[in-house]
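First comes the structure, then the notes that go with it.
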Amino acid sequence: MNSVNNGTVFKGTAVVPGVRYAKAVWISPRPELPQAGDVISEGQREAEQERFIQAADTVAQRLTSRSEHAEGAAAEVLKATASMVNDRGWRKAVIKGIQGGHPAPYAVVAATTKFITKFEAVGGVMAERTTDLRDIRDRVVAELRGEPEPGLPDVNERVVLFADDLSPADTAALNTDYFVGLVTELGGPTSHTAIIARQLNVPCVVAAGEKVKDINQGDMVLVDGSLGTITVGADPETAKEAEQESKLLAERIAQWRGPAMTKDGHRVQLLANVQDGDAARIAATQTQAEGIGLFRTELCFLSATTEPSVDEQAEVYKKVLEQFPDSKVVVRSLDAGSDKPVAFATMADEVNPALGVRGLRVARANEELMTRQLDAIAKASEELGRTEETSPTWVMAPMVATAREAKWFAGLCAERGLTAGAMIEVPAASLMADKIMPHLDFVSIGTNDLTQYTMAADRLSPQLAYLTDPWQPAVLRLIEHTCKEGQRFNTAVGVCGEAAADPLLACVLTGLGVNSLSAASTAIAGVGAQLAAVDFETCKRAAQAALNAEGATNARALVREILLGE
Ligand code: PEP
Ligand code: MG
């Protein structure tokens, strides 16, 4: 067993802010997977098949019953995992293996491997779903062997849970009275672990790297979900103080009320990022969001095999729009492709999909895909009686790189009476803002992709997380340039990437001159409370320091010093 020296700090990707000091506990081990070899006689195959069906049914029932005791995204995740165990295609593949003579545990492994290979070949969101597949495989294999269910250990004290990657079902079943922090070796900021951790509001660090395996069961650890650090053997007094301070901050955040402004009254619109009607309802009822700054329409259609009709699309969009009947909603046209494969709008077999035909580029070759979507957005907006004055419905295109693309998109919007904007997420769009902005009413900076393309680093790669960091001064310089051009052309500039969800970076963005910030619902109060604690001049000073920093770490440190006095 390896051990870790006191004071060792591990660094991962910060996902949910908050500091917790508790014992480390590792997730219960996955079962040893059987190898090929044993063959069962023909006479036993029927019974073996029955044994498999029973085991799969038991696992599915357990997950379903947990889903009935969970809420929101957690319940959805558990239901989705249960439905994978019930998937006819997967069950059929296992049964075929048993009928071919494999014992049930091996047939489960072999069938699942086939599915994993298929999902990985599709890549993107589908590849992230392979964690779910491995999870159901392990649960069914353990059940077949009469072994305890792999996953969350039974605990009766506060612990920080460590895992290579948490399965969605594990994360969704977490009791947050005991599991007060989460650390995963793998995963990314968009993984299931991250999504559920945000919903449960459990401080969380992902992609902490292989070295975290050296942390032993029972080691005292200090997890900082804002810095993305895990410290082993921290001084207990200091660690407890840090935890206490973070709880006070959480209380201040809980008490914050909008609208968002700095201490001296400089207003910034604070909006929500959503992907469907449920998320919009949460934003409307549980946050102080003034509207929606990014509705990711492509996420509504990840499982659609054919393009929904204009009427069907309009119904989907209405579910979001109706949650904010008196405020702005920014709808993004389909951002299909790359890590978001939409069956009816994604090029197959691209060598380099992140640099390929994604976002607006798909519609350049298939204009009707775009016009049907715009028709549906206009229809939804009209049927709800929305008006530009009281409840603007704005539309923006992802992946705009040239003025010509912006002009084309703006023309299609104008034909339908829609207010047009573009995402600034390709560096060229920022550099050419003076040519792009005259065609548009607003722009919204997508810092996730802007960082990926500026730093030439895949946003899904855990190894490159140090580069795909929106604190990189190169990214901030492009944002500064966009804001300056926005002022010159009187074009509203918002930020809707993850950068807007980081309270300190939100102050920097405000200092750079952005008019609106749009973030996941769970991040809104934290951003609002931090803005309320500083004045505009301090935001500008922080912005200058970050722009002139040598790198992302340095930028963060300088800004922390200015904004938090650290
Ligand atoms: C972005 O790129 O910052 C963005 C908001 O869009 P997405 O994350 O959906 O690509
Ligand atoms: Mg993007």
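Just so you know, residue 1 is the first one in the sequence shown, and it goes up from there. When a ligand or atom number is given, it counts from 1 through the structure's own listing order.
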Using residues 542-555 as the side-chain source, report each donor-acceptor pair under 3.5 Å to any protein atom, sequence neighbours left out, with the distance given to one decimal.
residue	atom	partner	partner atom	Å
Asn548	ND2	Gln544	O	3.1
Asn554	OD1	Glu550	N	2.9

If you draw a sphere of radius 2.8 Å around the Mg ion (ligand 2), how many protein N/O/S atoms end up strictly inside it? 2
Check Lys379 with Glu382, please: is the shortest side-chain N to carboxylate O separation under 4.0 Å? no
Under 4.0 Å between a Lys/Arg side-chain N and an Asp/Glu carboxylate O for Arg358 and Asp449?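 Yes, Arg358 and Asp449 are salt-bridged.
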Does the [X] side chain pair with the main chain of [Y], one donor and one acceptor, at a distance under 3.5 Å?
X	Y	result
Gln286	Ile282	no
Trp471	Arg556	no
Gln472	Tyr466	yes

Extract all donor-acceptor atom pairs below 3.5 Å that involve side chains of residues 349-357 and protein atoms in other chains or at least two apart in sequence.
residue	atom	partner	partner atom	Å
Glu350	OE2	Val357	N	2.7

Give the protein residues with at least one non-hydrogen atom closer than 4.0 Å to an atom of ligand 1, ordered by chain and number. Leu294, Arg296, Arg332, Asp335, Lys340, Arg358, Met423, Glu425, Gly446, Thr447, Asn448, Asp449, Arg459, Cys496, Gly497
Can you label the angle between the His266 ring and the Phe536 ring as parallel, tilted or perpendicular, going by 30° and 60°? parallel
Going by heavy atoms in the side chains, are Val362 and Leu334 under 4.5 Å from each other? no
